[in-house]
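So that the names make sense, note that chain A is the first sequence line, chain B the second, and so on, each numbered from 1.
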2 protein chains.
Amino acid sequence: MKRKITLKQIARELDVSISTVSKALSGSKEISEDTTQKIQAFAKLYNYRPNNIALSLKNRKTKTIGILIPEIVHHFFSTVIRGIELVANKRGYNVIVGLSNESFTKEIINMEMLANGSIDGFILSISKETLLKQDYHHFNATINQGMPIVMFDRVVNEIKCDKVIVDDYKGSIKAVNMLIEKGSKNIALITTMDYVSVGKLRTQGYLEALEASKIVPDSNLILKIDDSLVDEDLEDLENEIEQFFKSNNKIDGVFAVNELYAVTAMKVARKLGLSIPDDIQVIGFTDGVLSKHATPSLTTVSQHGQKIGEQSADLLIDRLELEEDESLDYTDENERNENFKTIIIETEIIERESTK
Amino acid sequence: MKRKITLKQIARELDVSISTVSKALSGSKEISEDTTQKIQAFAKLYNYRPNNIALSLKNRKTKTIGILIPEIVHHFFSTVIRGIELVANKRGYNVIVGLSNESFTKEIINMEMLANGSIDGFILSISKETLLKQDYHHFNATINQGMPIVMFDRVVNEIKCDKVIVDDYKGSIKAVNMLIEKGSKNIALITTMDYVSVGKLRTQGYLEALEASKIVPDSNLILKIDDSLVDEDLEDLENEIEQFFKSNNKIDGVFAVNELYAVTAMKVARKLGLSIPDDIQVIGFTDGVLSKHATPSLTTVSQHGQKIGEQSADLLIDRLELEEDESLDYTDENERNENFKTIIIETEIIERESTK
DNA sequence: TTGTACGCGTTATCAC
DNA sequence: GTGATAACGCGTACAA
């Protein structure tokens with residue numbers, strides 16, 4: 001078992017100085033061709049690779065991005081990670097992953113763990129508990145320490161950082177408009193509680209779309225599900241939706257803010273003897289495996305998770321490599337605040353069998 | 001914007017030496033209570049945290065685990081990551097993720113990128129291309145450098161490392177036995193190509209189970225799908241399965257080695273006018289979202305991905321922290337080879353609506 | 001052409 | 001009780 005070899009060992013072995021080795025390996029022409037050859041051959045033989053940690057310490061940057069998300073067993077988030085990893089790798093960065101598990105405390109612990117030199121910047125999506133508490137001091141603290149953050153999907157405006165969001169609002173309008181065009185008259189909305197920003201925006205889009213078509217929204221047609229209660233409890237969810245359908249039997253269209261609600265709605269509809277899409281059409285938000293493989297397959301508003309990840313990574317790395325140059329001088333402290341971008345990823349409707 | 005503060009800065013500010021600060025902060029009683037107080041107060045005020053990179057360099061360990069998996073947008077793998085992250089975090093480790101995307105080359109690149117000091121050890125699952133090529137030199141090279149590896153799910157025996165595997169063989173037997181007990185006479189198998197080790201084992205289990213019940217396996221009842229071709233191409237998959245069903249119309253039970261095949265089989269069966277589970281029963285391997293939310297919901301063999309992750313992480317960290325002690329002396333080089341464990345995670349059948 | 005010295009941030013050892 | 005020094009592995013400005 002030969003442990004990793006270091007410059008020092010090569011130097012000792014070949015009886016030259018450490019810096020000679022270093023220079024020879026980086027191909028500096030300060031060093032004679034002879035010694036360069038010799039050193040490079042030796043290094044290759046022993047498979048020398050510079051130690052990342054030493055480089056990180058020296059360069060004061062780790063070439064590593066920290067991802068902090070609420071949950072990983074989730075199609076959307078894993079798609080985003082895939083996107084981040086893709087461009088990060090292409091641009092020479094590694095990716096370190098932390099999970100908040102929707103908990104405020106775990107979010108903070110994870111951030112502190114990573115912010116102490118392990119990474120150059122964060123890409124994150126805020127946990128539900130944090131959104132509920134509206135306590136964002138840890139984000140601001142991190143930013144104030146000079147560590148850039150890119151937020152995606154679940155963001156809050158008040159934080160000064162780059163953001164990548166889905167056009168939840170417009171996506172919902174598109175979805176509801178499609179239901180209207182295809183003949184639905186009484187369109188129900190199945191959504192989450194308001195504190196999840198995306199839930200709120202999607203609800204707004206639903207309302208706007210109805211009004212634009214001169215349809216008066218009916219609050220009885222809106223079902224708000226407290227997913228902190230339901231979550232994994234599938235039966236509760238089914239029952240809740242079943243009650244909802246039974247007390248509103250004129251419903252002929254459903255817009256659900258995620259695919260689970262949409263698929264469950266389809267299941268309940270079928271149970272009640274309704275045929276999809278003839279009696280009732282369904283569209284979900286968030287395109288994942290469920291939508292694709294459900295029967296009938298589900299028409300959805302796709303969020304392009306991978307693209308969100310790619311854009312987030314590019315945004316972060318751009319900023320990191322920009323700072324590299326400016327680094328030292330900042331005449332105007334506020335100048336940097338003006339530059340934060342918010343990229344909006346357009347949604348796209350993927351038509352499948354649950355709509356006419 | 002106050003950048004992260006260092007020992008040196010505190011020392012300068014308080015007009016003491018760096019080592020005094022270091023000692024005071026670590027609560028050493030070499031330092032007078034007075035100065036300790038003063039220094040700790042100052043450190044807290046400026047939110048001092050030791051720099052991880054510097055610590056890593058000094059201690060020659062990063063407290064970081066490298067995960068290398070073929071694909072992240074995949075319920076099983078993300079479940080495993082969740083498990084790893086859970087115990088890693090609990091035991092004070094971070095987790096860095098690399099994706100091979102089933103490619104041999106990307107697997108190697110990723111390993112080299114991480115093996116140069118960024119991590120203390122690997123937890124990985126081998127890419128399909130690597131399994132096909134049967135070229136494992138990069139794993140051996142890494143191990144020989146003194147970096148421990150834990151392999152999970154897709155493993156190969158010849159590599160000297162800890163392993164965590166699913167009891168694919170026994171799980172399949174259980175599944176097929178259940179189909180037999182519940183009355184299926186002609187049980188089909190939908191599987192992958194043989195080079196994926198888990199596919200092979202599951203096929204073996206299927207055959208053994210049949211034979212144990214004195215049923216002669218019929219090769220016409222086995223469908224091997226080349227998923228390097230199919231992959232995302234859902235229609236191809238459906239067509240292939242449909243042809244299979246049509247040319248074997250006596251099939252009244254299906255065991256599929258993953259949930260996608262199982263769900264697709266159900267879809268095709270329904271299309272052909274078969275009712276589930278009355279005309280045909282279906283069981284899948286790998287319990288994921290699809291199984292749970294399919295209609296009818298799918299009976300599956302659960303792999304307990306999270307548990308696999310937890311065990312893998314414990315195994316790796318145990319070894320890392322063990323080495324810490326022994327580190328220096330190894331009288332017998334081979335001794336360490338004897339110690340590698342293979343943990344087998346028992347599968348469990350989750351009964352749902354696709355079986356009687 | 002090669003080598004010396006320094007610094008990145010930390011801790012541990014040893015001297016004062 | 002406090003401080004100077006070395007070491008972890010590397011790159012580079014500067015000296016020889």
| task | Mind calculating the distance between CG (B/Asn51) and C1' (C/dG7) to the nearest angstrom? | result | 14 Å

| said: In whole Å, I'd like the distance from the NZ atom of B/Lys4 to the P atom of C/dG9. | reply: 12 Å

| field | Side-chain donor/acceptor of A/Asp120 to backbone N/O of A/Thr62, under 3.5 Å | value | yes

| said: I'd like to know if B/Asp318 pairs up with B/Arg91 as an ion pair, taking the criterion as any Lys NZ or Arg NE/NH1/NH2 lying under 4.0 Å from an Asp or Glu carboxylate oxygen. | reply: yes

| request: Whole angstrom is fine here: how far is it from CG in B/Leu57 over to P in C/dT10? | output: 12 Å

| message | Output the rounded distance in Å from CG (A/Leu14) to P (C/dT2). | response | 12 Å

| query | Hey, are A/Gln306 and A/Glu310 close enough side-chain-wise for a donor-acceptor pair under 3.5 Å? | reply | yes

| 5' to 3' contact window, DNA chain D with chain B (heavy-atom distance under 4.0 Å) | D/dG1 to D/dG9

| CZ on A/Arg60 to NZ on B/Lys4, rounded to 0.5 Å | 13.0 Å

| request: May I have the distance from B/Lys8 (atom NZ) to C/dC6 (atom P), rounded to whole angstrom? | output: 13 Å

| note | Within residues 15-29 of chain A, the residues having a heavy atom closer than 4.0 Å to DNA chain C are A/Val16, A/Ser17, A/Ser19, A/Thr20, A/Lys23

| said: Which is more 5' along DNA chain C, the nucleotide nearest B/Glu30 or the one nearest B/Leu55? Just name the residue. | reply: B/Leu55

| What's the spacing between B/Ile123 CD1 and B/Leu316 CG if we round to 0.5 Å? | 5.0 Å

| task | Drop me the distance from B/Glu33's CD to B/Gln40's CD, to the nearest 0.5 angstrom. | result | 10.0 Å

| note | To the nearest angstrom, the CD1-P distance between A/Ile39 and C/dT1 comes to 14 Å

| query | Does A/Asn110 use its side chain to pair, donor to acceptor, with the backbone of A/Leu99 at less than 3.5 Å? | reply | yes

| B/Glu85 and A/Lys106: CA distance, side-chain angles, deciding distance, salt bridge (charged side-chain N to carboxylate O under 4.0 Å, His left out) verdict | CA-CA 12 Å; B/Glu85 212 265 349; A/Lys106 264 210 82 182; 3.4 Å; yes

| task | Return the value, rounded to whole Å, for the distance between atom CG of A/Asn59 and atom C1' of C/dG9. | result | 14 Å

